[in-house]
Number of protein chains: 2
Amino acid sequence: MQTIEQLLELKNIRVTAMRLLIYKFLVNKQVAVTLSDIENAFEKADRTTLYRTIKTFEEKDIVHQIDDGTGITKYALCEQGCSCDINKDLHLHFHCNNCNETICLTDHKIPKIKVPDGFVSENVNLVVKGICDKCSR
Amino acid sequence: MQTIEQLLELKNIRVTAMRLLIYKFLVNKQVAVTLSDIENAFEKADRTTLYRTIKTFEEKDIVHQIDDGTGITKYALCEQGCSCDINKDLHLHFHCNNCNETICLTDHKIPKIKVPDGFVSENVNLVVKGICDKCSR
DNA sequence: TAACAAATGCACTTCCATTGCACTTACTAT
DNA sequence: ATAGTAAGTGCAATGGAAGTGCATTTGTTA
Ligand SMILES: [Mn+2]
Ligand SMILES: [Mn+2]
Ligand SMILES: [Zn+2]
Ligand SMILES: [Zn+2]
């Protein structure tokens with residue numbers, strides 16, 4: 001078990017107050033968040049800083065982007081020891097049409113998809129839409 | 001084999017010059033198009049008209065939307081006799097990381113995706129990214 | 001051909017994403 | 001410790017895509 005400080009150092013980015021705060025915010029979230037979610041949580045911080053922080057996290061494979069089809073990019077922490085850097089986005093994402101939340105189904109891996117001859121598959125984005133467990137009962 | 005006029009009448013929308021032109025433009029395209037692709041093809045027409053035309057086509061299941069993760073919505077003609085209206089988007093889409101084009105793999109159907117207990121799957125968006133056949137050879 | 005409904009064009013708006021530049025903070029080498 | 005440098009932050013502005021209100025034009029139907 002490593003501290004957040006150790007993680008950031010490992011990824012070769014500086015430990016700053018904002019980064020620690022944003023990281024902690026993400027850890028506590030069970031769902032993928034938008035930039036404005038973060039913005040609302042940190043009203044005193046500047047949008048740009050939040051934006052660039054999340055972009056840095058993304059580059060360093062601390063978070064991954066999720067395009068759930070709502071048109072707004074969402075982000076979620078990568079799992080400890082995930083291989084985001086090698087094969088992008090292995091797991092599938094679920095978007096609830098009722099509560100509008102998107103969650104990582106980290107242990108539901110994306111099946112191998114066949115593509116026609118001549119096509120080379122590099123990675124796959126799979127979003128299932130429907131009703132989440134909270135909303136279905 | 002039906003004419004475009006007959007198709008539009010079948011869908012209960014009026015036959016207009018713009019609609020015929022846009023439909024013909026889409027037929028000739030092998031790849032999914034953005035609104036600005038259409039805009040560039042019809043510089044004399046107003047953006048709003050093109051926008052509302054494609055929206056009408058979408059409502060009437062003449063075209064379907066494709067979210068390929070680029071952040072820009074793309075559209076492609078539905079196949080003759082497709083069942084877009086019943087089960088949305090059965091086939092998968094391929095987005096080329098090289099030429100940036102997106103194509104329908106109409107005869108590659110999306111496999112059944114398992115979701116955890118409590119989750120209800122209503123539809124699925126699956127985009128494979130990689131290198132297309134034109135770019136790989 | 002008159003009357004009505006639908007389609008089009010123009011202007012404007014909103015929302016998210018992104019950038020340039022000045023200023024501040026953190027690290028490093030003396 | 002301190003100065004110098006690189007990275008991080010805040011503010012202001014921009015750009016692009018999507019969407020809407022309203023006046024005008026076009027198509028349909030009685
Ligand atoms: Mn995820
Ligand atoms: Mn398609
Ligand atoms: Zn829900
Ligand atoms: Zn290509």
Side-chain angles (χ1 to χ4, degrees), chain A residues 3-25 32-60 62-76 95 100 102, chain B residues 3-25 32-60 62-76 95 100 102:
Chain A
T3 63
I4 307 173
E5 283 87 346
Q6 287 171 333
L7 173 71
L8 297 180
E9 277 161 15
L10 194 74
K11 299 284 187 177
N12 286 311
I13 58 172
R14 289 189 182 168
V15 178
T16 69
M18 273 317 313
R19 287 176 181 168
L20 292 173
L21 285 170
I22 295 177
Y23 192 96
K24 282 173 195 158
F25 173 75
V33 299
T34 64
L35 205 57
S36 42
D37 289 336
I38 303 178
E39 225 179 302
N40 294 333
F42 300 95
E43 303 210 330
K44 280 186 286 190
D46 187 77
R47 259 172 38 81
T48 316
T49 305
L50 304 173
Y51 172 73
R52 289 200 262 234
T53 300
I54 207 82
K55 284 291 161 195
T56 304
F57 281 5
E58 199 190 342
E59 266 171 33
K60 300 293 181 176
I62 295 169
V63 302
H64 60 278
Q65 241 194 19
I66 303 163
D67 174 16
D68 62 9
T70 56
I72 303 159
T73 314
K74 296 184 180 174
Y75 301 90
H95 178 253
N100 209 35
T102 298
Chain B
T3 62
I4 307 175
E5 283 88 345
Q6 287 169 333
L7 172 71
L8 296 181
E9 276 161 15
L10 195 73
K11 299 284 187 176
N12 285 312
I13 57 172
R14 288 186 183 171
V15 179
T16 69
M18 273 317 313
R19 286 177 181 167
L20 291 173
L21 284 171
I22 294 177
Y23 191 95
K24 281 173 196 157
F25 173 75
V33 299
T34 65
L35 207 56
S36 41
D37 289 335
I38 304 178
E39 225 179 303
N40 293 334
F42 299 95
E43 303 210 329
K44 281 187 287 191
D46 187 77
R47 251 178 35 80
T48 315
T49 305
L50 304 173
Y51 172 74
R52 289 200 260 236
T53 301
I54 207 84
K55 285 291 160 194
T56 304
F57 280 5
E58 199 189 343
E59 267 171 34
K60 300 292 180 177
I62 294 169
V63 302
H64 60 279
Q65 241 194 18
I66 303 163
D67 174 15
D68 62 9
T70 56
I72 303 160
T73 314
K74 296 184 180 173
Y75 302 89
H95 178 253
N100 207 34
T102 299

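We name chains A, B, ... by the order of the sequence lines, and we start the count at 1 in each one.
Rounded to the nearest 0.5 Å, atoms CD1 (A:Ile38) and CD1 (A:Ile54) are 4.0 Å apart. Taking OG1 from B:Thr48 and NZ from B:Lys55, the interatomic distance works out to 13.5 Å, rounded to the nearest 0.5 Å. For the atom pair CG (A:Asp37) and CD (A:Glu39), the distance works out to 9.5 Å, reported to the nearest 0.5 Å.
The shortest distance between the side-chain N/O atoms of B:Thr53 and the OP1/OP2 oxygens of C:dT8 is below 4.0 Å. An OP1 or OP2 oxygen of C:dT18 is reached within less than 4.0 angstrom by a side-chain nitrogen or oxygen of A:Tyr51. For the OP1/OP2 pair of C:dA7 and a distance below 4.0 Å, the side-chain nitrogens and oxygens of B:Thr49 include no atom meeting the criterion. For the pair B:Thr48 and D:dT20, the criterion of a side-chain N or O lying under 4.0 Å from OP1 or OP2 is not met. Distances shown here put a side-chain N or O of B:Thr73 below 4.0 Å from the OP1 or OP2 atom of D:dA18.
Comparing B:Met18 and A:Tyr75 along DNA chain C, the residue whose closest nucleotide (by nearest heavy atom) sits nearer the 5' end is B:Met18. Sequence order on DNA chain D of the closest nucleotides to A:Leu50 and B:Lys55 puts A:Leu50 first from the 5' end.
Between C:dT8, D:dC11, D:dT28, one nucleotide has an atom nearer to the side chain of A:Arg52 than all others, and that is D:dC11. Considering only the side chain of A:Arg47, C:dA17 comes nearest among C:dG9, D:dT9, C:dA17. Distance from the side chain of B:Arg14 is smallest to D:dT28 among C:dT19, C:dG9, D:dT28. Of the listed nucleotides (D:dA17, C:dT8, D:dG8), D:dG8 has the atom at the smallest distance from the side chain of A:Thr16.
Atom P of nucleotide D:dG27 and atom CD1 of B:Ile13 are separated by 15 Å, given to the nearest angstrom. For the pair B:Lys11 NZ and C:dA7 P, the computed distance is 16 Å after rounding to whole Å. Atoms CG (B:Asn40) and P (D:dG16) sit 12 Å apart, rounded to a whole Å. Rounded to a whole Å, the CD1 atom of B:Ile38 is 13 Å from the P atom of D:dA17. For the pair A:Glu9 CD and C:dA26 P, the computed distance is 14 Å after rounding to whole Å. If you take CG of B:Asn12 and C1' of C:dA6, they are 13 Å apart, rounded to a whole angstrom. To the nearest angstrom, C1' of D:dT28 lies 13 Å from CZ of B:Arg19. Atom-to-atom, CG of A:Asp46 to C1' of C:dT19 comes out at 13 Å; the value is rounded to the nearest Å.
Side chains of A:Phe57 and A:Tyr75 form no contact here, defined as non-hydrogen atoms less than 4.5 Å apart.
Nucleic acid contact for B:Thr56: none, since no nucleic acid atom lies under 4.0 Å from a heavy atom of the residue. Counting any heavy atom pair closer than 4.0 Å across all strands shown, B:Lys44 reaches no nucleic acid atom.
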Next on the checklist: Could you go through B:Ile62 and B:Leu8, starting from their C-alpha distance and side-chain angles, then the distance that decides it, and tell me whether this counts as side chain to side chain contact (heavy atoms under 4.5 Å, CB included)?
Outcome noted: CA-CA 9 Å; B:Ile62 294 169; B:Leu8 296 181; 4.0 Å; yes
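Under a 3.5 Å cut-off, the side chain of B:Lys74 and the backbone N or O of B:Ala32 do not form any donor-acceptor pair.
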